[in-house]
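Chain naming here is simple, since letters A, B, ... match the order of the sequence lines and numbering starts at 1 in each. Given the structure is predicted, the values throughout are model-derived calculations rather than measurements.
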Amino acid sequence: MKNINKEPDFKHIGNKLLSWYEKNARDLPFRQTKDPYKIWICEIVFQQTRISQGLGHYNNFVARFPDVKTLAEAEEDEVILYWKGLGYYSRAINIHKAAQQIMTDYHGKFPHEYEEILKLKGVGKYTAAAVSSICFNGKMPAVDGNFYRVLSRVFADGFDISNSRAFNYFSELAHLILPDQVGDFNQAMMDLGSEICKPKNPLCRECPLNEDCLAFSMKKVSEFPVKAKKMKAKDLELKYYFVHRNGQFLIQQRKDDFIWKKLFEFPPEISDALVPFVVGVKTVSHKLTHKNLSIEIYNVEVLSEEVWNHFIAENSYLTTDVESSHEKSFPKPLETYIRNYEEAYRFL
DNA sequence: AAGCCGGGGCT
DNA sequence: AGCCCAGGCTT
């Protein structure tokens, strides 16, 4: 009997990682303790921060504020002072408030449960999972950027890590390989992601998972993780020619790629033969947000449906039914075109 | 769901 | 110059 109808088993991957971690764990100050306070502080300090950058701050911080009570009773300004140079200063504000939260809501005793830890200011799903798993044998994977990178490579998974559902998606992948010792596993993923499975130039030859890594076996490690470009909104200038002849304007239809798929518009360029009929040129400014190829237009008004219908009736070049020709993905092609007409109307 | 916060290292 | 980093909060 084959393993048909049975989920593939990837647990050996998590266990391999654990074996690797036993021998290769980085020697870091917060690795010597299971004090939830210290682990919490270190998780906050090292959010979006490299170990080498935050290590000094971490040591100074826990030396000055060795426990929840000391931190809770400190002045906020001094807490912030110890954060100087780290960036993301709201972390310092939140860490101080959370300490007071622990004093008032938990009588100074650090909460053990994931759901409770999650309630602390500045603690999200990642940090709650990390603290509960490392200190209290919690079973939640601490899914962070390292998880995204390692898992997307191991499974050669093209899920867009900038997608807002990436956390849930990679949490599910993590559960496929999650061993029993979740705390060590979470830290192992951090070390692997930082030392081996790095964003650039990963050391795949030394990777304990290279035999299990689908991206590696396909020689496509550099293609993962997939991250959609977060394009800045760009200004797009388009030049339109207004060719007027026998009471009609020349318009044309866009291609079905890029923006305004199959939308009708005044021609952005014309042949020499049409030059004598050009009655105007207008440059229109657009805001282009690449992410979903959507367009915002400014400096223009929407004309009434009546004017649009009038234009349709007047224009013999319009041979396709606009309503059915445009892609559904485009929100308001009709209005967009009307606005272009408005531009021409004003110009003439 | 998207924007914002940030200094610093790497390519 | 652009990308990335032990994310979370706000709107």
Does atom NZ of Lys220(A) have more than 12 heavy-atom neighbours, drawn from other residues, nucleotides or ligands, at distances under 6.0 Å? no
Under the ring-ring contact (aromatic ring centres under 6.0 Å, His included) rule, collect the residues that match up with Phe170(A), sequence neighbours excluded. Tyr148(A)
Can you list, in residue-number order, the parts of residues 130-142 of chain A that come under 4.0 Å of DNA chain C, counting heavy atoms only? none
Of Arg50(A) and Asn163(A), the one whose nearest nucleotide on DNA chain B sits closer to the 5' end is Asn163(A)
Is any side-chain N or O of Tyr88(A) under 3.5 Å from a base N or O of dG6(B), one able to act as donor and the other as acceptor? yes
Verify, without hydrogens or angle tests, whether Lys16(A) (side chain) and Asp212(A) (backbone) share a donor-acceptor contact under 3.5 angstrom. no
In Val154(A), Leu173(A), Leu176(A), the residue satisfying side-chain contact (heavy atoms from CB on, under 4.5 Å) with Phe10(A) is Leu176(A)
What does the list of N/O pairs under 3.5 Å between the protein and nucleotides 9-11 of chain C look like, with a distance for each?
from, atom 1, to, atom 2, distance (Å)
dC9(C), OP1, Gly122(A), N, 2.8

dG8(B) phosphate, OP1 or OP2, under 4.0 Å from Gln53(A) side-chain N/O: no
Ignoring hydrogens and geometry, is there a side-chain-to-backbone donor-acceptor pair from Gln181(A) to Leu18(A) under 3.5 Å? no
When rounded to whole Å, the CG to P distance for the pair Leu28(A) and dA6(C) reads 12 Å
Pairwise 5' ranking along DNA chain C for Ile161(A) and Thr127(A), keeping only the more 5' one: Ile161(A)
C1' atoms of dA1(B) and dC5(C), separation to the nearest Å: 23 Å
From CD1 of Ile80(A) over to P of dG6(B), roughly how many Å is that when rounded to an integer? 11 Å
Does any non-hydrogen side-chain atom of Cys42(A) lie less than 4.5 Å from one of Val45(A)? no
In residues 186-200 of chain A, what residues come within less than 4.0 Å of DNA chain C, judged by heavy atoms? Met190(A), Pro199(A)
CD1 of Ile51(A) versus P of dC4(C): gap in Å, rounded? 19 Å
Determine whether the aromatic ring centres of Phe30(A) and Phe46(A) lie less than 6.0 Å apart. yes
Is the distance between the ring centroids of Phe61(A) and Trp83(A) under 6.0 Å? yes
Taking the six-membered ring for Trp, are Phe136(A) and His112(A) parallel (under 30°), tilted (30 to 60°) or perpendicular (over 60°)? parallel
Measure distances between side-chain N and O atoms of Arg91(A) and base N and O atoms of dC5(B), and say whether any donor-acceptor pair falls under 3.5 Å. no
All pairs passing ring pair (Phe, Tyr, Trp, His ring centres under 6.0 Å) where residues 173-195 of chain A contributes a residue, at least two apart: Phe147(A)-Phe185(A)
For Asp180(A), I'd like to know if atom CG has over 12 heavy atoms of other residues, nucleotides or ligands within 6.0 Å. no
Rounded distance in Å - CG (Leu86(A)) to P (dG9(B)): 12 Å
If you assign each of Asn201(A) and Gly87(A) to its closest nucleotide in DNA chain B, which residue comes earlier from the 5' end? Gly87(A)
Looking at every strand, decide which applies to Ser52(A) at a 4.0 Å heavy-atom threshold: base, sugar-phosphate, or nothing. nothing
Contact class for Ile44(A) vs. all strands (heavy atom < 4.0 Å): base, sugar-phosphate, or nothing? nothing
Given the C1' atoms of dG2(C) and dG6(B), what is the spacing between them in whole Å? 16 Å
Under 6.0 Å from the CD atom of Glu172(A), do we count more than 12 heavy atoms belonging to anything else shown? no
Measure from the side-chain heavy atoms of Tyr89(A) and tell me the nearest of dA6(C), dC4(C), dG7(B). dG7(B)
Starting from P on dG7(B), measure out to CZ on Phe46(A) and report it in whole angstrom. 18 Å
Starting at OH of Tyr58(A) and ending at C1' of dC5(C), how long is that distance when rounded to a whole Å? 19 Å
Does a sphere of radius 6.0 Å around CD in Glu113(A) hold more than 12 heavy atoms from other residues, nucleotides or ligands, not counting ones at 6.0 Å or beyond? no
Using modelled atom types and a 3.5 Å cut-off, is there a donor and acceptor pairing between side-chain atoms of Arg31(A) and backbone atoms of Ala25(A)? no
Atom pair distance, as rounded to whole Å: CG in Asp160(A) and P in dA2(B): 10 Å
Donor-acceptor pair, side chain of Arg165(A) and main chain of Asp160(A), under 3.5 angstrom: no
Does a donor on one side chain sit under 3.5 Å from an acceptor on the other, for Glu116(A) and Tyr106(A)? yes
Just compare dT11(B), dG6(B), dA6(C) and give me whichever is closest to any side-chain atom of Thr49(A). dG6(B)
For DNA chain C, determine which residues of residues 145-152 of chain A have any heavy atom closer than 4.0 angstrom to one of its atoms, and list them numerically. Gly145(A), Asn146(A), Arg149(A)
Span that lies between the C1' atom of dC4(C) and that of dC5(B), in whole angstrom: 15 Å
dG9(B) and dG8(C), which share atom name C1', separated by this distance in whole Å: 23 Å
With rounding to the closest Å, how many angstrom separate the P atoms on dA6(C) and dT11(B)? 14 Å
Whole angstrom is fine here: how far is it from CH2 in Trp40(A) over to C1' in dG7(C)? 15 Å
